[in-house]
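Encoded as C-alpha cells, the structure appears first; notes follow it.
Counting convention: from 1, in listed order, for ligands and their atoms alike. These numbers were taken from a predicted model, which means no experiment stands behind them.
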Amino acid sequence: MRVAVLVSGVGSIMEAIHGRGLVPALVLADRPCRGLEIARSLGIPATLLDRGHFLDQHHRLRRRAYSDAVLGALQQEGVEFVALAGFGTILEGSVLEEFASVMFNTHPSLLPSFPGWHAVEQALANGVKVTGTTVHLVVPTVDAGPIIAQEPVRVLPGDDVDSLHQRIKEVERWLYPSVLVTAQHHAVRGQSWWSTDSFYAEFEQEVQRCRP
Ligand SMILES: Nc1nc2c(c(=O)[nH]1)N[C@@H](CN(C=O)c1ccc(C(=O)N[C@@H](CCC(=O)O)C(=O)O)cc1)CN2
Ligand SMILES: NCC(=O)N[C@@H]1O[C@H](COP(=O)([O-])[O-])[C@@H](O)[C@H]1O
C-alpha cells in the first residue's frame, strides 16, 4: 500500500512509522520542518508544500486551494493511504472525499477532550490527572472522526508541556504504527472497516507484539 505521511514538526512519529517497516512513498510538509530533513536522510521522497504560498488567496478560499494542492501531490505519487503525524493545517474538500476512511491522524489527548492544536497545554490547564493519545480517521470536522484506538497517559506532578508531551509521544510512537500496519490489511475506502472483528483481532495482536 502506498502511504503518505503529512508532517509539520520534528517528525519523530513519521520516523517511528518508517521504523515499523511502513516506508512512506511520500512525506509532505506544510512548512519547513525537521520532519522533512529526517525523511530526506532516510531516503524518503519529501515535498514542502508551503501553505504560506497560498496567502494571496482570499482567506475563505485559501484552505480549499491548499487542500486541493495536497490532493494533487498525493495523486501524483499514487498514494492510497494517508497518515497525518503532527500536521498543522486543517484540510477540507476533495482530498477528504478522495481518502475517506483511509486518512488517519494521531492526536495528543483522549478525544473528545482537548481537540485542536494545543491539546497538551489544555490538559495541563484543566488539571486532568490522566490524558493520552487518540488515533482517529480524518473527517471535515477537526478531531471528530471515528476513533480507532486510544491509550491513557498519566499526568505527573511537576509535568510541563514538554515533559508530558514527550511521554505522550512515547505512546504514539508504538500505537500509531500499530494501527497503520494493521489498517493497511483491512482499510477500504468508503467502508467502515475499523469496526470489524478481523481488524480488531489483528490490531490486538500487533499491540501485544509492539507495546513496550
Ligand atoms: N479536516 C481535518 N483536517 C485536519 C484534522 C482533522 O481532524 N480534520 N486534524 C488536524 C491535526 N490537528 C489535530 O489533531 C490539528 C492541526 C491544526 C489545527 C489548527 O488549528 N491549525 C491552524 C494553524 C495552526 C498553526 O499552524 O499554528 C489552521 O489550520 O488554521 C487544529 C488541529 C490536521 N488537519
Ligand atoms: N493536533 C495535532 C497534534 O497536536 N499532533 C501532535 O503533533 C506531534 C507530532 O510529533 P512529531 O513532530 O515529533 O512527530 C504528535 O504528538 C501529534 O499527536
With ring-ring contact (aromatic ring centres under 6.0 Å, His included) as the criterion, how do Phe104 and Tyr176 come out once you've worked through the C-alpha distance, each side chain's angles and the decisive distance to 0.1 Å?
CA-CA 9 Å; Phe104 301 78; Tyr176 198 26; 7.2 Å; no
Hey, is Gly145 one of the residues with a heavy atom under 4.0 angstrom from ligand 1?
no
Heavy atom under 4.0 Å from ligand 1: found in Val139's side chain, backbone, both, or neither?
backbone
Heavy-atom nearest neighbour in the protein, as seen from atom 9 (C) of ligand 2, with distance rounded to 0.1 Å
Gly86 CA, 3.6 Å
Identify which of Ala85, Gly88, Gly116 has a heavy atom lying nearest to atom 22 (C) of ligand 1.
Gly88
Check each heavy atom of Pro115 against ligand 1 and say whether those closer than 4.0 Å belong to the side chain, the backbone, both or neither.
neither
State whether a side-chain donor-acceptor pair under 3.5 Å links Ser109 with His107.
yes
Among Asn105, Asp143, Leu6, closest by heavy atom to atom 6 (C) of ligand 1 is Asp143
Salt bridge or not between Glu80 and Arg189? Use side-chain N to carboxylate O under 4.0 Å.
no
Enumerated ligand 1 atoms positioned under 4.0 Å from heavy atoms of Phe87:
11 (C), 16 (C), 33 (C)
Would you say the side-chain atoms of Thr106 and Glu172 include a donor-acceptor pair closer than 3.5 Å?
yes
Should the pair Arg2 and Phe81 be classed as cation-pi, given the thresholds of under 6.0 Å to the six-membered ring centre and 45° from the axis?
no
Selection from Gly9, Ser12, Ala119 by shortest heavy-atom distance to atom 11 (P) of ligand 2
Ser12
Side chain, backbone, both or neither: which part of Glu172 has a heavy atom under 4.0 Å from ligand 2?
side chain
Could you see which bit of Arg31 sits under 4.0 Å from ligand 1, with heavy atoms only: side chain, backbone, both or neither?
side chain
Counting heavy atoms under 4.0 Å, the part of Ile90 that contacts ligand 1 is both
Where on His118 is there a heavy atom closer than 4.0 Å to ligand 1, on the side chain, on the backbone, on both, or on neither?
neither
Run through Arg62, Arg63, Arg51 and flag the one making a side chain to side chain donor-acceptor pair (under 3.5 Å) with Thr89.
Arg51
So if I apply the side chain to side chain donor-acceptor pair (under 3.5 Å) rule between Asp159 and each of His165, Arg167, Gln166, which one comes out positive?
Arg167
Purely on distance, is any nitrogen or oxygen of Leu91 under 3.5 Å from one on ligand 1?
yes
What atoms in ligand 1 come closer than 4.0 Å to a heavy atom of Val138?
2 (C), 6 (C), 8 (N)
If only side-chain N and O atoms count, and only distance matters, is there a donor-acceptor pair under 3.5 Å linking Glu202 with Thr182?
no
